[in-house]
Asks: 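Attaching a single structure in structure tokens format; questions to follow.
Each chain gets a letter, A, B and so on, in the order the sequences are listed, and its residues count up from 1.
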Number of protein chains: 2
Amino acid sequence: MTTIKDIARVAGVSVTTVSRALNGYSDVNEETRKKIVEVAKQLNYSPNTLARGLVMKKSKTIGLLVSGMNRENAKDNFTFQVLCGINECASVREYDLILFNTDSSRQREKTYTQLCRERKVDGVIIQGIKLDDPYLKEVMESNIPCVLVDIPVETKTVGYVSTDNVLGAKKAVEHLIELGHRNIAMVNGYKQAFVSQQRLKGYEKALKEHGIKVKKNWIVDGEFEEEKAKEVVLSLLSSAPDITAIFCASDLMALGALKACQQQGISVPHDLSIAGYDDILLASYVTPPLTTVSQNIFEIGYEAADLLIDMLEGKAQKHHRILETKLVQRKSSARIVNI
Amino acid sequence: MTTIKDIARVAGVSVTTVSRALNGYSDVNEETRKKIVEVAKQLNYSPNTLARGLVMKKSKTIGLLVSGMNRENAKDNFTFQVLCGINECASVREYDLILFNTDSSRQREKTYTQLCRERKVDGVIIQGIKLDDPYLKEVMESNIPCVLVDIPVETKTVGYVSTDNVLGAKKAVEHLIELGHRNIAMVNGYKQAFVSQQRLKGYEKALKEHGIKVKKNWIVDGEFEEEKAKEVVLSLLSSAPDITAIFCASDLMALGALKACQQQGISVPHDLSIAGYDDILLASYVTPPLTTVSQNIFEIGYEAADLLIDMLEGKAQKHHRILETKLVQRKSSARIVNI
DNA sequence: GTGAAAGCGCTAACAG
DNA sequence: CTGTTAGCGCTTTCAC
């Protein structure tokens with residue numbers, strides 16, 4: 001393995017000069033630099049980032065704390081899309097990514113700070129964490145630069161990227177209202193999830209602004225699961241048959257709602273309109289295709305990385321970025337039929 | 001930041017002893033060790049993996065060379081499932097993962113070997129690479145331990161994990177034959193893909209073993225794309241209307257075939273049976289649900305990491321692992337109707 | 001413009 | 001069982 005020492009020897013200069021030449025310092029004779037670069041190439045030199053990191057206390061590395069990279073969640077590609085976005089940006093800005101695992105009990109023994117310090121990451125992006133996760137508290141106490149996905153915390157070292165979930169939900173519900181619906185139920189995720197809280201807010205806001213009363217018992221939790229959502233929708237519909245539309249806080253739950261309707265012989269969208277959230281791949285493939293709120297997930301990842309690196313390099317003023325959502329109208333929602 | 005030096009000072013021993021104690025060497029007095037461990041905890045010590053890696057020339061890190069983590073591929077969750085498997089295993093065996101990017105032109109400037117050496121990864125897992133990718137050649141020339149996903153190369157330092165694609169395809173085609181089909185076409189991916197070559201082999205094998213002649217012009221390439229597959233199926237069916245079943249080398253292409261049938265008013269499975277490959281999430285959601293060959297993708301990732309780590313730790317005899325596939329019978333294939 | 005020397009935090013002979 | 005010492009490959013004062 002070639003080191004700068006080797007280069008120094010061959011080029012007949014000192015290691016100091018080699019270091020300076022290779023790192024583009026100005027105070028090196030152009031001749032000398034050329035020579036050094038040449039030799040480096042010739043010897044097929046690659047710098048040792050460990051050694052560099054050791055002395056510089058910077059590694060040009062971003063840690064990724066992603067919950068849900070396990071067997072159960074392998075089919076959820078939200079996380080993957082975020083990852084792709086992060087990856088793309090990191091690569092453009094020449095950072096490497098290191099994946100921490102937060103799932104296995106083994107790693108759980110290590111604290112967040114330990115994880116980061118051991119690997120000397122410059123900063124961290126956290127995705128898929130819940131509001132009540134113990135890591136979250138640590139994040140805010142530690143002084144390691146960090147960007148959260150979909151959790152609105154902003155401090156000197158912590159920032160976040162999210163979409164406007166209130167507005168997104170509002171758009172969906174308003175769409176239903178415009179179709180003539182007044183009896184609109186909501187299947188939410190779970191209360192600890194920030195996005196759930198926001199989407200609920202959007203739902204209530206839309207109703208109120210249109211003079212529709214919010215009925216608490218028409219708001220049920222589907223825990224972001226298809227099966228669970230199906231169950232709650234079944235019981236919801238049996239107890240309140242006058243509901244004509246359901247807004248679901250995720251497409252997966254909308255799928256569950258769809259199944260519930262199928263089972264009950266309720267025709268969607270003729271008898272009941274359904275709107276989802278996320279615009280997952282499946283949304284356009286199911287029958288009927290799902291009306292849903294689309295967020296550019298890749299972009300979320302990209303912006304998260306971009307924000308973090310800006311923070312690391314002292315280029316960020318505000319530590320948050322909010323992305324837009326877009327209502328995608330498909331076939332699961334329709335104008336209400338007057339009976 | 002606490003270092004072993006600090007611990008040594010506080011505990012009143014030398015750094016050597018601290019190092020030995022913390023790394024679980026046997027030749028340390030139990031008393032001393034207890035003391036040291038205590039102090040370490042008290043000072044909230046985390047080892048600096050950079051420093052350790054520098055001297056040990058090992059980093060307990062696996063590099064991930066994943067093509068297709070970009071905007072276009074964000075929706076493909078094969079890669080993600082592999083990733084999840086790798087992640088799970090790595091975490092169990094206490095390795096960290098570092099994500100290299102092979103997409104951006106910037107990184108492309110660096111050779112594979114450079115990428116690995118700079119970061120001092122112990123080994124690499126490569127996924128999503130094509131047979132004609134220049135990196136592949138490098139991989140085989142370099143002496144960095146490496147495990148390939150779905151590419152059968154086995155050397156002293158290179159291994160691979162794959163499923164038995166010949167057998168998988170054979171299962172699917174045999175299933176169609178058992179349903180009474182004799183006129184079975186195949187929509188393949190593209191010729192440079194190893195899996196395509198294998199699946200073709202399985203297709204031909206199944207036919208031959210049942211005394212059915214292989215018709216070359218019934219084998220078309222759909223380039224693993226839904227739209228393209230739809231096109232080729234349309235022209236295939238118009239030129240050979242006696243085809244009663246189609247085996248597609250991927251579910252995505254099977255979806256395309258399904259759309260082609262829909263467009264032509266061909267009823268699946270009544271008029272035509274379709275079998276896919278992969279068992280992607282969509283497969284069970286489309287109408288009719290797709291009969292397909294399922295591979296445990298998570299497991300592929302898991303085994304890839306496991307194999308690599310075995311290789312790194314000198315525990316691997318053979319450098320390949322072949323996983324099983326499973327035929328999943330759904331509604332897109334049915335017994336042939338005698339007209 | 002260049003070099004000598006120190007040191008980042010850790011491990012590993014070697015000696016005791 | 002424990003400490004002394006050297007050194008991994010690199011950057012960075014500080015002199016010259």
Side-chain angles (χ1 to χ4, degrees), chain A residues 1-37 39-40 43-61 96 113-122, chain B residues 1-40 43-61 94 96 113-122:
Chain A
M1 204 76 331
T2 321
T3 71
I4 50 169
K5 222 169 169 176
D6 301 320
I7 300 178
R9 193 168 20 78
V10 175
V13 294
S14 76
V15 287
T16 316
T17 310
V18 175
S19 172
R20 278 197 288 243
L22 260 26
N23 287 306
Y25 278 57
S26 54
D27 56 352
V28 175
N29 186 315
E30 222 15 79
E31 281 301 291
T32 323
R33 157 169 288 128
K34 259 192 199 130
K35 172 89 185 175
I36 290 173
V37 170
V39 173
L43 297 183
N44 196 16
Y45 169 75
S46 346
N48 182 332
T49 54
L50 297 188
R52 178 180 284 163
L54 184 58
V55 36
M56 306 241 283
K57 281 141 181 3
K58 275 197 189 307
S59 58
K60 276 262 196 178
T61 306
D96 275 331
T113 328
Q114 275 177 322
L115 240 35
C116 299
R117 283 200 316 218
E118 285 186 10
R119 287 291 176 170
K120 290 281 168 287
V121 298
D122 297 341
Chain B
M1 206 77 327
T2 322
T3 71
I4 50 170
K5 222 169 169 177
D6 300 321
I7 301 178
R9 192 167 22 78
V10 175
V13 295
S14 77
V15 288
T16 318
T17 310
V18 176
S19 173
R20 279 196 289 241
L22 260 25
N23 286 307
Y25 278 57
S26 53
D27 56 352
V28 175
N29 186 316
E30 218 23 72
E31 280 302 291
T32 324
R33 157 171 288 130
K34 257 191 199 134
K35 172 89 186 173
I36 290 172
V37 169
E38 175 125 341
V39 173
L43 296 182
N44 195 17
Y45 168 76
S46 347
N48 182 332
T49 53
L50 298 187
R52 177 182 284 161
L54 184 58
V55 37
M56 305 241 285
K57 280 142 180 6
K58 274 193 190 310
S59 58
K60 277 266 199 174
T61 306
E94 299 195 75
D96 275 331
T113 328
Q114 274 176 323
L115 239 32
C116 298
R117 283 199 318 218
E118 284 186 9
R119 287 292 176 170
K120 290 281 169 286
V121 299
D122 297 341

Asks: Please check: side-chain N/O of B:S46 versus main-chain N/O of A:E118, any donor-acceptor pairing under 3.5 Å?
Replies: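 Such a contact is absent between B:S46 side chain and A:E118 backbone.
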Asks: May I ask you to verify if any side-chain N or O of B:K57 is less than 4.0 angstrom from the OP1 or OP2 atom of D:dG9?
Replies: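 So the side chain of B:K57 is within the cut-off, an N or O lying under 4.0 Å from OP1 or OP2 of D:dG9.
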Asks: Which residues satisfy the salt bridge (charged side-chain N to carboxylate O under 4.0 Å, His left out) test with A:E30, sequence neighbours excluded?
Replies: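 Only A:R33 meet the salt bridge (charged side-chain N to carboxylate O under 4.0 Å, His left out) criterion with A:E30.
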Asks: Give a yes/no on whether any side-chain N or O of B:N23 is located under 4.0 angstrom from OP1 or OP2 of C:dT11.
Replies: yes
Asks: May I have the distance from B:K58 (atom NZ) to C:dA12 (atom P), rounded to whole angstrom?
Replies: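 Atom-to-atom, B:K58 to C:dA12, this comes out as 12 Å.
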Asks: Is it true that a side-chain atom of A:N23 and a backbone atom of A:Y25 form a donor plus acceptor pair closer than 3.5 Å?
Replies: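 Side chain of A:N23 to backbone of A:Y25: no pair is present.
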Asks: At what angle, to 10 degrees, do the two end axes of the helix from C:dG1-D:dC16 to C:dG16-D:dC1 meet, given five pairs define each axis?
Replies: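 Answer rounded to 10°: the end axes differ by 40°.
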Asks: With a 4.0 Å limit, can you tell me whether B:T17 has a side-chain N or O closer than that to the phosphate oxygens OP1/OP2 of D:dG3?
Replies: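 Looking at the OP1 and OP2 atoms of D:dG3, one of them is under 4.0 Å from a side-chain N or O of B:T17.
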Asks: First locate atom CG of B:D96, then atom CG of B:D122, and finally report the distance between them rounded to the nearest 0.5 Å.
Replies: 10.5 Å
Asks: May I ask you to verify if any side-chain N or O of A:T3 is less than 4.0 angstrom from the OP1 or OP2 atom of D:dG9?
Replies: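 For D:dG9, OP1/OP2 do not have a side-chain N/O of A:T3 under 4.0 Å.
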Asks: Below 3.5 Å between N/O atoms, which protein atoms pair up with nucleotides 12-16 of chain D? Just atom names and distances, please.
Replies:
{"residue": "D:dT12", "atom": "OP2", "partner": "A:Y25", "partner atom": "OH", "Å": "2.9"}
{"residue": "D:dT12", "atom": "O4", "partner": "A:T16", "partner atom": "OG1", "Å": "3.3"}

Asks: Once rounded to the nearest 0.5 Å, what's the spacing between atom CG of B:N44 and atom CZ of A:R117?
Replies: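 So the CG of B:N44 and the CZ of A:R117 are separated by 5.0 Å.
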Asks: Rounded off to whole Å, could you give me the CZ-to-C1' distance for the B:R52 and D:dG9 pair?
Replies: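 Result: 18 Å.
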Asks: Can you tell me the distance, in whole Å, between the CG atom of A:N48 and the C1' atom of C:dG9?
Replies: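 Nearest whole value for this atom pair: 14 Å.
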Asks: Mind calculating the distance between CZ (A:R119) and P (C:dC10) to the nearest angstrom?
Replies: 14 Å
Asks: Side-chain N or O of B:T32 less than 4.0 angstrom from OP1 or OP2 on D:dT2?
Replies: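 Yes, B:T32 has a side-chain N/O under 4.0 Å of OP1/OP2 on D:dT2.
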Asks: Write down the distance between CZ (A:R33) and P (C:dG1), rounded to a whole number of angstrom.
Replies: 11 Å
Asks: Decide if atom NZ of B:K35 counts as having more than 12 heavy atoms of other residues, nucleotides or ligands within a radius under 6.0 Å.
Replies: no
Asks: In this structure, how many angstroms lie between the C1' atom of C:dT11 and the CG atom of B:L50, rounded?
Replies: 15 Å
Asks: Considering non-hydrogen atoms only, spot the tightest contact between B:A11 and B:V39 and give its length.
Replies: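 Minimum heavy-atom separation between B:A11 and B:V39: CB-CG2, 4.0 Å.
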Asks: With a 4.5 Å cut-off on side-chain heavy atoms, are A:I36 and A:T17 touching?
Replies: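 A side-chain contact exists here, since the closest heavy-atom pair is under 4.5 Å.
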Asks: Measure the CE-NZ distance between A:M1 and B:K120 for me, rounded to the nearest 0.5 Å.
Replies: 6.0 Å
Asks: Taking atom P of D:dC8 as reference, at what distance in whole Å does atom NZ of B:K120 sit?
Replies: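 So the NZ-P distance, B:K120 to D:dC8, works out to 13 Å.
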Asks: Rounding to a whole Å, what distance do you find between A:D6:CG and D:dC8:C1'?
Replies: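 From A:D6 CG to D:dC8 C1': 13 Å.
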